[in-house]
Amino acid sequence: GENVEQHPSTLSVQEGDSAVIKCTYSDSASNYFPWYKQELGKRPQLIIDIRSNVGEKKDQRIAVTLNKTAKHFSLHITETQPEDSAVYFCAPSRMRGYQKVTFGTGTKLQVIP
Amino acid sequence: NAGVTQTPKFRILKIGQSMTLQCTQDMNHNYMYWYRQDPGMGLKLIYYSVGAGITDKGEVPNGYNVSRSTTEDFPLRLELAAPSQTSVYFCASTTPGSYTGELFFGEGSRLTVL
């Protein structure tokens, strides 16, 4: 990942709306692109990931899309629910070899009922 | 499997004291990490290790030391604690070449330095 940035830093949406969080990275050798969710007072946990040979992956209401050329990937949450409220982190890395895993700055998502 | 276990969960230190945060994993993971998370902030990498006997600095290593004598254990040592080290510390592990590079986290150790 090396230099990793996330946008936006905070996001408020109405319940049922969609949310999109973008992660940009500088290490062109990154080939593993995960998103972690951290609820208040808890540890970060993986919610979805994608490898560089795939452009998009979906798991129910969440999806991740990858643009390796532009070096960014995004988390998409549809039909948001109050339990989606949390901080989300990206952490692009290489699956082999060099393994200094740097996290993005985080996005605090608030879903308003 | 217990996964990644951290101890203690909470600790209060006085300025200048030293302590060790313990981290052990039972998943036979080669790679282990220490992160700190200040209130309302992101995860900053302190140190990491790619195997027994091998450690390297992360983004914020000053004031900390680590060792990795076994695959399972990766303790983090704080020398001469300072208020700036008040934070939540997370240990994590993964294994190279697996289907995913998912990091497995411990529950965290909340440290307050007064």
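All of these numbers come straight from a predicted model, not from anything done at the bench. Order of the sequence lines sets the chain letters (A, B, ...), proteins ahead of strands, with each chain counted from 1. Just so it is clear, the values below take in all heavy atoms, side chains as well, and ignore hydrogens, waters and symmetry mates.
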Give the minimum heavy-atom separation between Phe90(B) and Lys42(A), together with the two atoms involved.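 It is CZ-O, 3.9 Å.
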
For a quick test of reading the model, state the closest non-hydrogen atom pair linking Phe89(A) to Gln37(B) and the distance between them. CZ-NE2, 3.6 Å

With a 4.5 angstrom heavy-atom cut-off, could you sort out which part of Leu43(B) is near chain A: side chain, backbone, both or neither?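 Backbone plus side chain of Leu43(B), per the 4.5 Å heavy-atom cut-off to chain A.
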
Part of Phe105(B) within contact of chain A (heavy atom distance under 4.5 Å): both

Does any heavy atom of chain B fall under 4.5 Å from the side chain of [X], the backbone, both, or neither of them?
X         : result
Pro44(A)  : both
Val101(A) : both
Gln6(A)   : neither

Interatomic spacing from NZ in Lys100(A) to OH in Tyr48(B) - rounded to 0.5 Å: 6.0 Å

Tyr36(A) side chain vs Glu102(B) backbone, donor-acceptor pair below 3.5 Å: no

Are there over 12 heavy-atom neighbours, none belonging to Glu59(B), within less than 6.0 Å of that residue's CD?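 Correct, the count exceeds 12.
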
More than 12 non-hydrogen atoms from neighbouring residues, nucleotides or ligands closer than 6.0 Å to CD on Glu15(A), yes or no?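 For Glu15(A), atom CD is crowded (more than 12 foreign heavy atoms under 6.0 Å).
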
Relative to chain A, which of Gly58(B), Gly106(B), Gly40(B), Ala92(B) shows the most heavy atom pairs under 4.5 Å?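 Looking at each option in turn, the highest pair count goes to Gly106(B).
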
Just so I know, are the side chains of Phe103(A) and Leu103(B) near enough to count as touching, which here means a heavy-atom distance under 4.5 Å? yes

Transitive ILVMFWY side-chain link Leu78(B) to Ile12(B), under 4.5 Å: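 Shared cluster, no.
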
Verify the cluster assignment for Tyr25(A) and Tyr88(A): are they in a single hydrophobic cluster under the rule of side-chain heavy atoms below 4.5 Å apart? yes

